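Step one of this worksheet: look at the structure below.
Both ligands and their constituent atoms are indexed starting at 1 by order of listing. Quick caveat, the model's predicted, so the values are computed rather than measured.
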Amino acid sequence: MACSTRTMVVACLVLLVAGSSLGAAGLPAGGSSAEDRVEELLARMTLDEKIGQMTLFTSTWAQTGPVMDAGYLDHIRSGKCGAVFNALTASYTRYLQTIAVRETRLGIPLLFGYDVIHGHRTIFPIPLAESCSWDLAAIERAARIAAIEAAAEGLHWTFAPMVDIARDPRWGRISEGAGEDTWLGCRIAEARVKGFQGDDLSRPDTIAACAKHFAAYGGAQAGRDYHTVDVSDRTLEEVYLPPFQACVRAGVRTFMTAFNEIAGIPCTGHRGLLTSLLRGRWAFTGLVVTDYTSINELVPHGFAADLAEAGQKAVLAGVDMDMQGGVFMNHLRRQVESGDVPLARIDEAVRSILRLKADLGLFDDPFRYCDEAREKRVVFCARHQAEARAIARKSMVLLKNDGATLPFPPGLRSLAVIGPLAEAQVDLLGNWHGAGDGGKVVSILQAVRERVGPGCEVRYAKGCEVDGKGRSGFRAALEAARGADAVLLVLGERETMSGEAASRTDLDLPGVQNDLAEAVARLGRPTAAVLLNGRPLTLTRLDAAVPAILEAWFPGSLGGRAIVDLVFGDAAPGGRLTVTFPRSVGQIPLYYNMKNTGRPVVGEEKYTSRYLDCPNTPLYPFGHGLTYTTFAYDSLHVDPPAIDAGKPVTVTVNVRNTGKRTGEEVVQCYLRDVAASVTRPVRELKGFRRIRLEPGESRPVEFLLGPGDLAFLREDGTWGTEPGEFKVFVGGSSATTLEGSFTLR
Ligand code: GLC
C-alpha cells in the first residue's frame, strides 16, 4: 500500500462516525423513480459537476497502468472525480465516500470499481482455467462469490468479465478470457455477468459487471499486446463481437473500450462501434468507460493531434467516462462552451453514470456497501474456499496419462517433488489476482507434505529457476528423484509472464525446465508433470519426456490443495481445453474451427496446405482432456435425416464409462455446414453436456440443433440458414471422428 496507512486509519476513524450519520446532502429524495431522481439531480448540476462524474481516477493503493495521479483525493473534494478504482476495504471506501458526500456541493456518491477478475480475496482459477471446467453453473458461482466479497469491501463495480476471444497464445491476456471459441465464450460471458450482477443490482452483495475490452483486443497482430487489429468485418461479426452482445443480452451494465484500433479506428474513438452498434443495433443503455488512459492514447495512435481532440473524438464516439486520463477533466468544458461538444452528449453520459449509482442504491444510502461486519464475515470464508478448491479441480486438464501414471498409488514410501514452482504461492493465484493474498496460499510442496503423511519421505529439489540458464540445481534434483517411488515435476511460468503487457514469442517452457524434466525422466521413475501457466505452451519436448502431464493453469488460492487432490486421486481431473495447444509457435494462429481451404491436407500429397517441418494438427486440440477412467461413444443418430428451414434435428449418442472409476465426461457436439454462400469452418461447437458415469454405466446424450445453430452471416450480410448438407461430430474433443449428417432442404 502506497498510502501512509497510519494517516489513513486515523482519517478513517475520524470520519467513520461522521460518515455513517450523513445522508447524501444534495441527492433527490427517495420515493420517485430512478429516472426522475436522475433527471432532478442532472437539472441541478453545473457543467463542471457533470464533467466530474465522467472522470474516473485510481487511488494509490494499487497501480494497473502506466501513470498515477496522486491527486485523486483533491479531485474528489473539488467534485472533479465521480468514480475511483483500486480503492478497497469497507473502511477506506467509507472514508472516500464521506469526502464525496460531505465535502461536495451535491454530495453525489462515488462509484468504486476494481479488477475483480477471478475472485476478490478468495481467488479462483484464472478465467481461462475456469473456462476449461465447462461448468457454467460453477463459473457463475465463482463470479457470485467474487461479487459477495468485493461488495463487502465497499466495491460497486468490477472490470470483468473480459470476453475477448483469443486465438494467439503469444498474447498474455489469453489468460483472462474464455478461450478460442465464440459460442462457448458467449455462454461463459453470460454466466459471469449473471454471477457478478445477480438479479438485483440494488442488493449490497451484487456489483455491476463490465464487458471488456470492446472490441477484438484478442486479435492483436503477432500476439503482441496493444498491437494493431486488422480483421475483416466478417471475422469481427462472427468471432469477436458475439460475446459482447451476449453480455448486453445478459444485462451487463457497463462496457470498457479496448486499447487497440480496428482497421484504422481506435476503439476508444470508434463511433461505429460505441454508438451505431452498441447503442444503436444492440440498444445498450449502460455506461461506457475507457480503458486506462486510452483516450490519451488516441494521440500516439495517430488518431488525434492532441489531447483536446482526443477527448472530443472519444466523447462524440460514445465514451461516457475517462479512466485515469484526466482528458475530460481538462478539456471538455471549453469544448462544450465552444459548441464542439453538444451539452446533450454530456447529459447522456452523466445520465448513464447517475442511473448506475441510483440502481446500486447509492442515492438511498451511499454507505450501504461499506459494511465492516459483513466484510469480516464473508471475505475468504470456508465456504468460499471450498468452492474455489472444487472449481480448481474441474479446471485442470489432464493432457496425457500414459500407463495410468496418475493418480499416484497409495502407500508411496518416497516421493520426489522437483521444480521451480513447487514452493510457489503468489504464482498459484495467477495474474490479475487483485486483492488475493499470496501469503494465504498453500504451496504444492506443502500440500503434498500434508497429504502423504509421515509414512512417505518427501524429497524436494528446485532443480532450476523458472527462467535463466543455470543448471547447478540439477544434481540435487537427480539425487532426489533417483530411487524415489514417484516423481512430481512442478513446472511452468511465473504469474507475471501472462496477463497484461506479457506477450511472449517463445512458448516453450521457460529457461532450462525442459532440460531438467528430460534429465529426471531419464531416471525411469514414475514421473508426472504439473504445469502452472497462463496460456497454451508448446510442450512437444515435455510431452516426449514424461508419461503424464496435468495442466493446472494458475488455480487460485486453493490451487495447491486442488492439485494434490488430483495427483493422489482424491478427485479426478475434470477439465477440457478451451484453447488449442500448438506443437510449434510457427503454427500460430492455430484453432480448431479453421477453414478447410481449397487444398486441405490429403495423406502425403505435396501440393496441399501444409508445412514441410510440422504437422498441421495441434499437440492437444480444443476440447481435449483426460480423466481417471475412459469413455466410449457409439450409436450416433441424427433425426430426421432431412429437415425444412426452421426445423430442428435431434442428435443422440451413447456414452459408456469403459474404465474402473467413476468419471465425468464433457460430451461435445460440433457442426459443419459443408457448402454455403461463404466458406464455413470445418467444425463449430454447438453444445456440450457434462455427464457423470459409474464404471460400466452407459447413457444416451441428446442435442437439439435448431435454426439458430445452423445460422451464419450469409454472403448478403444477413444472418440465417441456407439449404445443403450438414455434418455432425460428437465426442470428447474437437478431434472426434464420430460423425453423422443431415440435409436442410
Ligand atoms: C488495465 C486493463 C484493464 C483494467 C484496467 C483497470 O490497463 O487493460 O483490463 O480493467 O486497466 O485496471
query = Which residue supplies the protein heavy atom nearest to atom 10 (O) of ligand 1, what is that atom called, and how far is it?
reply = Asp115 OD1, 2.5 Å
query = At a 4.0 Å threshold, what atoms of ligand 1 neighbour a non-hydrogen atom of Met256?
reply = 10 (O)
key: ring pair (Phe, Tyr, Trp, His ring centres under 6.0 Å) partner of His156, the single match among Phe112, Phe367, Phe196   = Phe112
query = Any idea which part of Glu176 is under 4.0 Å from ligand 1, heavy-atom wise: side chain, backbone, both or neither?
reply = neither
request  = May I ask you to say whether Asp320 pairs ionically with Arg279, meaning some side-chain N is under 4.0 Å from a carboxylate O?
outcome  = yes
inquiry  = Using a 6.0 Å cut-off, check whether atom CZ of Arg368 has over 12 heavy atoms from anything other than its own residue.
reply    = yes
key: Side-chain ion pair, Asp48 and Arg333, N-O less than 4.0 Å   = yes
message = Taking 4.0 angstrom as the limit and counting only heavy atoms of Phe259, give me the atoms of ligand 1 inside it, by number and element.
response = 7 (O), 8 (O)
query = Of all the non-hydrogen atoms in the protein, which one sits nearest to atom 3 (C) of ligand 1, and at what distance?
reply = Asp291 OD1, 3.4 Å
message = Closer than 4.0 angstrom, basic N to acidic O: yes or no for Glu500 and Lys212?
response = no
inquiry  = Check Asp359 with Arg253, please: is the shortest side-chain N to carboxylate O separation under 4.0 Å?
reply    = yes
Subset of ligand 1 atoms that lie under 4.0 Å from at least one heavy atom of Met323 = 5 (C), 6 (C)
query = Counting each atom of ligand 1 from 1 as listed, which ones have a heavy atom of Tyr292 under 4.0 Å away?
reply = 7 (O), 11 (O)
query = Which of the atoms of ligand 1 are close to Thr64, meaning less than 4.0 Å from one of its heavy atoms?
reply = 1 (C), 6 (C), 7 (O), 11 (O), 12 (O)
ask   = Under 4.0 Å from ligand 1, counting heavy atoms only, is it the side chain of Lys212, its backbone, both or neither?
value = side chain
inquiry  = Quick check on Arg203: does its CZ atom have over 12 non-hydrogen neighbours (other residues, nucleotides or ligands) under 6.0 Å away?
reply    = no
ask   = Has Gln324 got any heavy atom lying under 4.0 angstrom from an atom of ligand 1?
value = no
query = Nearest protein heavy atom to atom 2 (C) of ligand 1, by residue and atom, and its distance?
reply = Glu500 OE1, 3.2 Å
request  = State whether Arg351 and Glu348 are salt-bridged, where the test is any N-O pair (Lys NZ or Arg NE/NH1/NH2 against Asp/Glu carboxylate O) under 4.0 Å.
outcome  = no
